[in-house]
*Asks:* 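If you scroll down you'll find the structure; I have some questions about it.
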Amino acid sequence: MTDFKALILAIVSPLVAHPGNVVVTTAETERFYEYRLTVHPDDVGRVIGKQGRVAQAIRTIVYSVRVQGNKRVRLIIDDHPTKTLE
């Protein structure tokens, strides 16, 4: 299986000012492989972009990778991270 966590980190880390605070957590549901992306509060705007264009581009890249089986990949960008990451 493709290492989606590494792919997401490779895409997002150069975009943010605090690459050490980029965290990708995984969960598996009945229908999806879910990846939750959390970044430093100051970097949320950089990851989402104007009108969500950067977030959509990230999702397009991640979703274009084939997955074996019936499950699909879902990327959730946590746009309300806690301030405890500082």
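Counting begins at 1 with the first residue of the sequence.
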*Asks:* Could you walk me through whether Val65 and Val73 pass the side-chain contact (heavy atoms from CB on, under 4.5 Å) check?
*Replies:* CA-CA 9 Å; Val65 178; Val73 173; over 6 Å; no
*Asks:* What are the two closest heavy atoms between Pro14 and Leu9, and how far apart are they?
*Replies:* CD-O, 4.3 Å
*Asks:* Could you tell me the separation between the CD1 atom of Ile61 and the CZ atom of Arg59, rounded to the nearest 0.5 Å?
*Replies:* 12.5 Å
*Asks:* Of all heavy-atom pairs between Pro19 and Ser13, which one has the smallest distance, and what is that distance?
*Replies:* CB-O, 3.9 Å
*Asks:* In the single-linkage hydrophobic clustering (I, L, V, M, F, W, Y; side-chain heavy atoms under 4.5 Å), do Leu7 and Ile76 co-cluster?
*Replies:* no
*Asks:* Under the side-chain contact (heavy atoms from CB on, under 4.5 Å) criterion, do Asn21 and Val39 qualify, and how do the steps go?
*Replies:* CA-CA 6 Å; Asn21 289 339; Val39 296; over 6 Å; no
*Asks:* Would you check if Thr38 and Thr25 make a side-chain contact, meaning some heavy-atom pair closer than 4.5 Å?
*Replies:* no
*Asks:* Taking Tyr63 for the side chain and Leu75 for the main chain, is one N or O donor matched with an acceptor at less than 3.5 Å?
*Replies:* yes
*Asks:* How far does CZ of Arg74 sit from OH of Tyr33, to the nearest 0.5 angstrom?
*Replies:* 14.0 Å
*Asks:* Could you tell me whether the side chain of Lys5 and the main chain of Tyr35 form a donor-acceptor pair under 3.5 Å?
*Replies:* no
*Asks:* To the nearest 0.5 Å, what is the distance between CG on Asp3 and CD1 on Ile8?
*Replies:* 9.0 Å
*Asks:* Given His18 and Val16, is the side-chain contact (heavy atoms from CB on, under 4.5 Å) satisfied, shown in steps?
*Replies:* CA-CA 5 Å; His18 306 281; Val16 297; 5.5 Å; no
*Asks:* Could you state the interatomic distance from CG (Leu15) to CD1 (Ile48), rounded to the nearest 0.5 Å?
*Replies:* 12.5 Å
*Asks:* Kindly indicate whether the side chain of Val47, heavy atoms from C-beta on, has any atom under 4.5 Å from the side chain of Val54.
*Replies:* no
*Asks:* How many angstroms lie between CD in Glu30 and CG in Asn70, if you round to the nearest 0.5 Å?
*Replies:* 10.5 Å
*Asks:* Once rounded to the nearest 0.5 Å, what's the spacing between atom CD of Glu34 and atom CD of Glu28?
*Replies:* 10.0 Å
